[in-house]
Amino acid sequence: MEYLVHDDEGTKEVILKGQLTFADHESFGNIIENVRSYDGKECIVDLENLERVDSAGLGMFVLLRDMANSKQLNMTFRKPRGQVMRMLEISEFHTFLTIEP
Amino acid sequence: MSEYFSPAAPVHISLEDTRVLVVDDNEDSRLVIRAFLDAAGVGNMDFAIDGAGCLEKLEVYKPDLVLLDLMMPGMDGFEVLRRMRGDPRYEWLPVIVETGLDSASNRAKAFAAGATDLICKPVNGTELIARVRTHLEKTLLRKELEASRASHREAVRVAQKLQESLLPPAGRLNTVAKVYGLEMDSYFEPSEAVGGDLWGLHLIDENRLGVYAVDFSGHGVGAAFNSFQFNAQLADSQMFREDPAAYLTRLNQLLHPVLQRGVFATMFYGVIDCDKNNITYAAAGITRPVLGGRNGEDLTFLDSSGVPLGILPDTHYENREASFDPGTFLFLYSDALLETSAEKETGNGMIGEQGVVGLLKDALALADDQPPLDAMMGAFFEMNQWQQLEDDLTAVWIFNPVKKKAVNDE
């Protein structure tokens with residue numbers, strides 16, 4: 001997985017690219033720490049370029065969401081597609097994550 | 001200059017327990033080297049005065065390092081090196097050769113014969129100590145790494161064994177199948193790292209059989225331990241076995257407080273009613289089971305959506321129904337089947353659901369009246385080019401044969 005994190009007019013944006021799997025545990029930890037240190041109120045996780053996620057990757061979304069909840073940060077997962085969208089759907093992540101098309 | 005790399009940084013590993021064999025025909029040289037090795041902190045030394053003596057001592061003394069003089073009467077150092085490197089026991093044993101031959105071509109010859117390092121005569125004490133220390137420390141670290149790998153492999157092997165012991169053995173599967181007039185088969189292939197797959201059966205009453213499949217996220221001994229713990233939680237929840245939705249709701253309540261955040265389990269639990277020929281099931285985000293005709297027709301995916309167990313404290317699951325008429329099979333499988341690379345066949349990497357359906361249809365056609373799992377897994381591993389799996393692979397086949405219905409009709 002590759003990622004880009006930047007702040008843009010009061011919004012933190014995390015852009016994920018490639019495949020998010022078990023092997024990305026450490027770099028995803030860096031993303032979580034990066035977002036944790038952010039003082040704003042909005043965070044967007046852009047999934048448009050994420051091609052694949054496995055169950056460990058879904059677990060990382062849960063960790064990110066837990067951290068956001070703990071500091072009242074509004075987090076939106078945006079534009080999942082293909083296999084990523086199917087994984088989110090089958091796991092009914094929309095019931096506890098904000099997911100936008 | 002560079003602050004990143006500092007080769008002289010001392011590691012200070014004790015050489016007290018190391019053993020060095022010094023092979024030199026000159027007594028003065030042996031005495032000088034002994035003094036240097038003492039200064040280096042080498043705890044044990046032994047000496048040989050020629051090549052033949054060296055080869056004998058290797059077996060009995062089992063040194064961690066050999067200091068070998070190349071020029072000796074009789075068998076010289078080159079021949080000793082060649083013999084040592086031809087013996088798998090001494091393949092990795094570090095050998096520092098001492099030689100007065102300091103031309104480039106002779107150095108090359110010594111390395112070609114298998115020397116690990118080289119020191120020129122007359123021996124410089126500081127240089128000898130530094131080289132001996134470097135190679136002994138490397139040997140010690142390699143031994144430590146090997147021991148740690150062996151202990152990790154053993155832990156994984158034990159975890160794999162325990163995990164497999166939780167699965168229904170083939171004999172029990174056949175007995176249960178006979179009792180319910182079904183045909184059953186299963187396949188389990190643990191990954192190198194141990195995944196967290198688990199499946200099993202609950203014999204509810206004479207007509208109803210419960211079947212569950214669980215997959216813990218992540219890999220490794222941790223995932224295996226989660227599945228052991230889960231096995232106990234299944235036992236603690238047996239009063240809910242007749243009602244799949246209640247069963248999953250209960251299991252989620254038990255798992256949520258004990259699972260590490262970010263770790264969860266996907267699950268399918270279905271109750272097959274052999275009298276009513278239907279399946280009542282609940283699911284928590286597991287790979288979609290396939291239901292279809294034994295002839296390979298009318299293959300459909302069951303809706304297995306649901307929040308995986310352990311993520312939220314209060315998830316409530318729902319019961320879903322599917323007919324399980326005679327001639328119909330149910331196929332459960334873990335995500336290793338979907339998420340295995342099949343570059344050649346799919347062009348885009350993973351086998352995916354359509355790939356699974358393809359494999360299943362081919363196997364149904366090929367297996368004739370037999371359960372299709374053997375044929376299917378054979379084709380799967382061929383696709384995968386027999387590579388080690390990154391996750392556990394579980395597959396379960398349950399078939400409701402037509403014959404049973406005919407008997408019931410009589």
Side-chain angles (χ1 to χ4, degrees), chain A residues 1-2 14 16-33 35-36 45 49-71 73 75 77 80-99, chain B residues 191 193 195-197 214-220 222-223 226 256 259-268 283-289 301-318 334-336 338-341 346 348-355 390-392:
Chain A
M1 175 202 62
E2 291 172 47
V14 180
L16 304 179
K17 191 179 168 194
Q19 310 201 348
L20 177 59
T21 65
F22 190 65
D24 298 303
H25 209 269
E26 206 172 312
S27 43
F28 206 88
N30 294 336
I31 294 177
I32 292 176
E33 288 318 308
V35 177
R36 194 196 301 278
V45 184
N49 294 299
L50 190 65
E51 293 156 13
R52 192 171 83 87
V53 65
D54 70 357
S55 60
L58 287 182
M60 296 177 210
F61 287 164
V62 174
L63 292 174
L64 187 59
R65 168 261 188 194
D66 281 0
M67 186 273 299
N69 281 6
S70 73
K71 54 183 283 170
L73 176 66
M75 183 168 278
F77 290 77
R81 53 185 192 85
Q83 187 266 2
V84 178
M85 187 159 76
R86 287 196 298 279
M87 285 290 275
L88 291 170
E89 278 172 358
I90 202 166
S91 309
E92 295 188 347
F93 270 37
H94 62 272
T95 58
F96 59 96
L97 297 182
T98 308
I99 301 175
Chain B
S191 64
D197 281 11
V214 185
D215 185 357
F216 277 89
S217 64
H219 313 244
N226 285 331
H256 180 260
L259 273 190
Q260 188 192 337
R261 286 308 285 164
V263 175
F264 55 78
T266 59
M267 182 170 184
F268 169 90
I286 202 164
T287 49
R288 296 198 292 167
F301 287 105
L302 292 183
D303 176 8
S304 63
S305 58
V307 178
L309 306 178
I311 294 183
L312 303 174
D314 49 6
T315 308
H316 286 271
Y317 295 89
E318 61 179 44
S334 62
D335 52 9
L338 299 173
E339 291 179 3
T340 293
S341 170
T346 61
N348 62 3
M350 300 297 147
I351 288 178
E353 282 184 339
Q354 289 318 309
E390 286 176 22
D391 201 353
D392 289 353

S55(A) vs F216(B) side-chain heavy atoms within contact, under 4.5 Å: no
Which atoms of [X] approach chain B - backbone, side chain, both or neither, heavy atom under 4.5 Å:
X	answer
L64(A)	neither
R52(A)	side chain
D54(A)	both

- line: Rounding to 0.5 Å, atoms CD1 (I90(A)) and CG (D335(B)) come to a distance of 10.0 Å
message: Just verifying a value: how many Å separate R261(B) CZ and R65(A) CZ, rounded to the nearest 0.5 Å?
response: 6.5 Å
message: For H25(A), I'd like to know if atom NE2 has over 12 heavy atoms of other residues, nucleotides or ligands within 6.0 Å.
response: no
- prompt: Which salt bridge (Lys or Arg N to Asp or Glu O under 4.0 Å) pairs, counting each pair once, include a residue from residues 19-28 of chain A, with sequence neighbours left out?
  reply: none
- prompt: F61(A), F93(A), F22(A): which one forms the most heavy-atom pairs within less than 4.5 Å of chain B?
  reply: F22(A)
field: Residues in residues 301-311 of chain B that sit under 4.5 Å from chain A, counting heavy atoms only
entry: S304(B), S305(B), G306(B), V307(B), P308(B), I311(B)
query: Using non-hydrogen atoms only, which part of I286(B) is less than 4.5 Å away from chain A: side chain, backbone, both, or neither?
result: backbone
